[in-house]
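Scroll down for the structure; my scribbles are underneath it.
It should be emphasised that the depicted structure is a prediction, and the values quoted were computed from it without experimental measurement. For the numbers below, each heavy atom of this structure counts, side chains included, while hydrogens, waters and symmetry mates do not. Both ligands and their constituent atoms are indexed starting at 1 by order of listing.
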Amino acid sequence: MEFSRFNRPTLLRCLLICVTFSNGVFGAFYRKPNIVLILTDDLDVTMGGMSPLTKTKKLIGDEGMSFSNAFVASPLCCPSRASILTGKYPHNHRVLNNTLEGNCSSQAWQKSEESHTFPALLHSYAGYQTFFAGKYLNQYGHADAGGVEHVPPGWNSWIGLERNSKYYNYTLSVNGKPQKHGADYSKDYLTDVLANVSLDFLQYKSNYQPFFMMVSTPAPHSPWTAAPQYQNCFNTTKAPRDPNFNIHGKNKHWLIRQAKTPMTNSSVQFLDDAFRNRWRTLLSVDDLVEKIVKRLEVRGELDNTYVFFTSDNGYHTGQFSLPLDKRQLYEFDIKVPLMVRGPNIKPNQTSRLAVANIDLGPTILDIAGYNVSKTQMDGMSFLPIMEGRMNSSSWRTDILVEYEGEGRNVSDPACPLLGPGVSECFPDCVCEDSYNNTYACVRIVAPSANLQYCEFDDNEVFVEVYNVTADPFQLTNIAKTIDQEVLEKMNHRLMMLQSCSGQSCRTPGVYDIRYNFDPRHMFTGHGWRLSRMRQRMK
Ligand SMILES: *[C@@H]1O[C@H](CO)[C@@H](O)[C@H](O)[C@H]1NC(C)=O
Ligand SMILES: *[C@@H]1O[C@H](CO)[C@@H](O)[C@H](O)[C@H]1NC(C)=O
Ligand SMILES: *[C@@H]1O[C@H](CO)[C@@H](O)[C@H](O)[C@H]1NC(C)=O
Ligand SMILES: *[C@@H]1O[C@H](CO)[C@@H](O)[C@H](O)[C@H]1NC(C)=O
Ligand SMILES: *[C@@H]1O[C@H](CO)[C@@H](O)[C@H](O)[C@H]1NC(C)=O
Ligand SMILES: *[C@@H]1O[C@H](CO)[C@@H](O)[C@H](O)[C@H]1NC(C)=O
Ligand SMILES: *[C@@H]1O[C@H](CO)[C@@H](O)[C@H](O)[C@H]1NC(C)=O
Ligand SMILES: *[C@@H]1O[C@H](CO)[C@@H](O)[C@H](O)[C@H]1NC(C)=O
Ligand SMILES: *[C@@H]1O[C@H](CO)[C@@H](O)[C@H](O)[C@H]1NC(C)=O
Ligand SMILES: *[C@@H]1O[C@H](CO)[C@@H](O)[C@H](O)[C@H]1NC(C)=O
Ligand SMILES: *[C@@H]1O[C@H](CO)[C@@H](O)[C@H](O)[C@H]1NC(C)=O
Ligand SMILES: *[C@@H]1O[C@H](CO)[C@@H](O)[C@H](O)[C@H]1NC(C)=O
């Protein structure tokens, strides 16, 4: 039967029939809203990453709410995506890096977390039909973890990219069957394929259940292959020369102090090229967003659909003389775009409240009417903010960022000189990561403070603190000058968050008017990597 073209009266008649036959389980006028989540890969917000996305800003941002303080719990694809899917901080979902050993799409992940992701709950308990297309977790499809035959639980329609981001010459798992693609633009360009399969889903899905659709583009991740019609766009654009561009981060942690300043001209040219190519790939993402929104509109479903647009982490090009990557604690890597349109969200709003990628699951479950308190999630629903029924002084004032550096026991072939311990190196031995680039931060966004406190698990137990109000480009580490009492409170708060779970992750932060320091929080729990500072303080 073809249900997709029903007009309203037919639907109403049908509803009566459905209710009669199914006891209301389906309800074409289920009226539970539909939800679309568009997730990009490596899209920054601080370097103008949204600039090429003019239609997206108009169709989602101008029609709803944009969040100017949206953060990720970890600035790396796989841990961040795991946080989105589970609503948990990395120390709770235990996906630590992009490899199978670090639990990225590993069998342990499949056995422990994958069946409780928010899409699985939407599917099993909230009556949603679910559709996935695009990049999932970086190791998805690995032969040691079930290959592309493994379809994660909870998805009615599954079109998952094998492994990491690509634009051509890739394999998709179409409901567990491999589908190989070549390099013909009109058949294979991945961003366009994702748009086409999404439109097909909207056309042929059941009309008797609300739907959740997640479209996860590889763009603007490397290898930055633009569609042919966009290959010459932005050909005079350069990476922004902000105050933190190509300067030496002299009071920062070891890895940053290693970077050579100024960068070589070839590095600058390389990063400017990458910057342009990233923007070019985004033009196809902008087309994808437009196609999906227009199709929802044509089908009369737009008014009952929430559309989320965000990214898994930010990006940097030349900041503190690091050519390009995303594994640092600074705003450019941990802050992401987030905009949402939907029923009961007024147009053209901006919220400055702190939200994180661990909140997406709780928010979407809340929209679907699922009781989030029944889950183990660490995040919280920001639906009340979007609906304008949140007293902003009762919202949380901090979030946790956790990152475990890569490179332990390996020598980067690009830079044998530096020996084992570093990774992601450029030919001139500027490295983007090292095993001791392992840190945890509290990012505070309160009416009275906009601060970041970070601790490294390295030989120096290095601490970085920024007053983001006074110093938005994070040029000056104030760890040595800030009030000692404030420093200690932030250290305690960090320890508490590093061992938090569920409700305890949502307790009042240092700058919350309800904050009440309880020393009992200090030495309880089982932190993921409890800080050495803690040991020192014992
Ligand atoms: C939102 O703001 C933009 C830019 O100021 C304006 O063009 C647009 O009409 C506004 N949209 C709505 C729905 O108010
Ligand atoms: C991988 O996940 C499992 C299940 O959560 C956990 O027991 C294990 O410690 C994790 N591995 C790492 C390296 O953290
Ligand atoms: C795709 O694979 C073909 C055949 O191996 C190769 O010639 C082509 O360069 C590849 N294209 C891209 C964009 O990777
Ligand atoms: C997407 O669909 C359009 C319209 O049917 C078609 O022209 C285009 O070639 C398709 N693109 C891909 C990559 O499949
Ligand atoms: C840059 O773009 C302009 C306008 O599209 C075009 O005329 C020019 O040839 C392009 N330059 C290069 C180097 O591609
Ligand atoms: C690098 O670029 C700068 C600015 O364009 C220029 O002044 C300088 O001569 C270049 N250095 C080399 C070694 O080419
Ligand atoms: C949600 O679940 C929690 C924990 O099971 C329960 O205490 C609470 O009453 C539930 N709330 C609603 C509105 O059902
Ligand atoms: C918002 O919450 C704060 C703290 O709970 C309270 O003091 C204040 O009166 C509330 N404001 C409104 C408008 O409800
Ligand atoms: C990823 O994490 C696992 C577990 O901590 C570790 O064994 C592995 O070496 C890490 N991979 C990299 C590339 O650092
Ligand atoms: C890896 O490095 C750690 C820390 O330097 C060391 O303790 C461990 O023995 C090394 N493991 C291997 C297999 O070399
Ligand atoms: C970080 O690791 C590198 C490589 O092993 C080492 O040379 C450096 O001293 C370490 N720095 C700190 C602060 O631990
Ligand atoms: C941060 O900077 C602002 C603006 O200069 C200042 O008012 C505030 O007191 C500073 N906060 C801290 C904790 O230093």
Side-chain angles (χ1 to χ4, degrees), residues 74 76-79 82 90-91 93-106 108-109 133-134 137-139 142 159 164 166-170 172 174 179 181-203 217-219 225-229 249 251-259 284-285 287-288 290-292 294-295 325 327 402-413 415-425 429-439 454-464 528-529 532:
S74 193
L76 185 65
C77 302
C78 209
H91 69 266
H93 62 55
R94 305 207 60 88
V95 176
L96 305 180
N97 59 36
N98 285 345
T99 69
L100 273 188
E101 299 72 48
N103 267 339
C104 181
S105 211
S106 64
W109 151 266
L137 300 167
N138 302 44
Q139 299 296 336
H142 196 293
I159 301 172
N164 203 1
K166 284 190 172 183
Y167 297 79
Y168 291 117
N169 289 347
Y170 54 86
L172 295 176
V174 179
Q179 183 187 85
H181 282 261
D184 175 348
Y185 173 69
S186 67
K187 295 206 298 269
D188 303 311
Y189 188 65
L190 184 49
T191 312
D192 292 2
V193 168
L194 298 179
N196 284 2
V197 294
S198 301
L199 297 185
D200 284 349
F201 170 73
L202 292 177
Q203 201 67 36
T217 69
T225 315
Q229 69 274 27
N251 51 19
K252 298 190 155 40
H253 63 104
W254 176 80
L255 190 67
I256 304 279
R257 297 197 310 265
Q258 295 305 296
S284 296
V285 174
D287 292 341
L288 173 147
E290 181 185 42
K291 284 176 196 160
I292 291 174
K294 291 284 183 235
R295 181 62 60 92
D325 196 55
R327 292 156 219 251
E402 296 174 304
Y403 181 69
E404 185 162 291
E406 295 184 328
R408 183 173 300 271
N409 305 59
V410 296
S411 207
D412 192 297
C415 188
L417 258 178
L418 280 182
V422 294
S423 64
E424 308 289 321
C425 299
C429 277
V430 171
C431 301
E432 295 280 358
D433 207 3
S434 63
Y435 79 93
N436 51 20
N437 178 38
T438 293
Y439 57 81
C454 303
E455 274 180 31
F456 280 81
D457 186 5
D458 67 7
N459 298 337
E460 298 170 347
V461 195
F462 204 77
V463 175
E464 294 189 32
W528 164 46
R529 241 179 197 277
R532 301 234 200 127

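A disulfide is not assigned to Cys425 and Cys415, since their SG atoms are no nearer than 2.5 Å.
A donor-acceptor pair under 3.5 Å is absent between the side-chain atoms of Asp458 and the main chain of Trp254, judged by distance alone. In terms of modelled atom types and a separation under 3.5 Å, the side chain of Ser423 and the main chain of Glu406 share a donor-acceptor contact. Remark: the backbone N or O of His91 is paired with a side-chain donor or acceptor of Glu402 at under 3.5 angstrom.
When all heavy atoms are compared, the tightest approach of Arg327 to Asp433 is CD-OD2, 3.2 Å. Heavy-atom minimum distance, Ile292 versus Leu202: O-CD1, 4.2 Å.
By the 30° and 60° cut-offs, the orientation of the rings of His253 relative to Phe456 is parallel. Between His181 and Tyr170, the ring-plane angle classifies as parallel under the 30° and 60° cut-offs.
Residue contacts with ligand 11 for Tyr435 involve side-chain atoms from C-beta outward but no N, CA, C or O (heavy atoms, distance under 4.0 Å). Heavy atoms of Asn459 found under 4.0 angstrom from ligand 11 belong to the backbone as well as the side chain. At a 4.0 Å heavy-atom cut-off, ligand 11 does not touch Ser434 at all.
Salt-bridge check for Glu460 with Arg257: passed, with a basic side-chain N closer than 4.0 Å to an acidic carboxylate O.
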I'd like a table of the close N/O pairs between ligand 4 and the protein (anything under 3.5 Å), one pair per line with both atom names and the distance.
{"residue": "ligand 4", "atom": "2 (O)", "partner": "Asn196", "partner atom": "OD1", "Å": "3.1"}
{"residue": "ligand 4", "atom": "2 (O)", "partner": "Asn196", "partner atom": "ND2", "Å": "2.3"}
{"residue": "ligand 4", "atom": "9 (O)", "partner": "Ser186", "partner atom": "O", "Å": "2.7"}
{"residue": "ligand 4", "atom": "11 (N)", "partner": "Ser186", "partner atom": "O", "Å": "3.2"}
{"residue": "ligand 4", "atom": "11 (N)", "partner": "Asn196", "partner atom": "ND2", "Å": "3.0"}
{"residue": "ligand 4", "atom": "14 (O)", "partner": "Ser186", "partner atom": "O", "Å": "3.4"}
{"residue": "ligand 4", "atom": "14 (O)", "partner": "Asn196", "partner atom": "ND2", "Å": "3.3"}

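Every atom of ligand 9 is numbered from 1 in the order shown, and the set under 4.0 Å from a heavy atom of Glu404 is 5 (O). Of all atoms in ligand 11, numbered sequentially from 1 with element shown, those under 4.0 Å from a heavy atom of Pro420 are 4 (C), 5 (O). Heavy-atom contacts of Asp458 reach the following atoms of ligand 11: 12 (C), 13 (C), 14 (O) (cutoff under 4.0 Å). Atoms of ligand 9 found under 4.0 Å from any heavy atom of Gly407, numbered from 1 in the order shown, are 14 (O).
Using modelled atom types and a 3.5 Å distance limit, the side chains of Asn103 and Ser106 yield a donor-acceptor pair.
For Glu101, no nitrogen or oxygen atom sits less than 3.5 Å from a nitrogen or oxygen atom of ligand 9, counting backbone and side chain alike. Here's the thing with Asn97: one of its N/O atoms is less than 3.5 angstrom from an N/O atom of ligand 9. Considering backbone and side-chain N/O atoms, Glu460 never comes within less than 3.5 Å of an N/O atom of ligand 11.
When each of Leu194, Asn164, Thr225 is checked for a side-chain contact (heavy atoms from CB on, under 4.5 Å) with Pro218, only Leu194 meets the rule.
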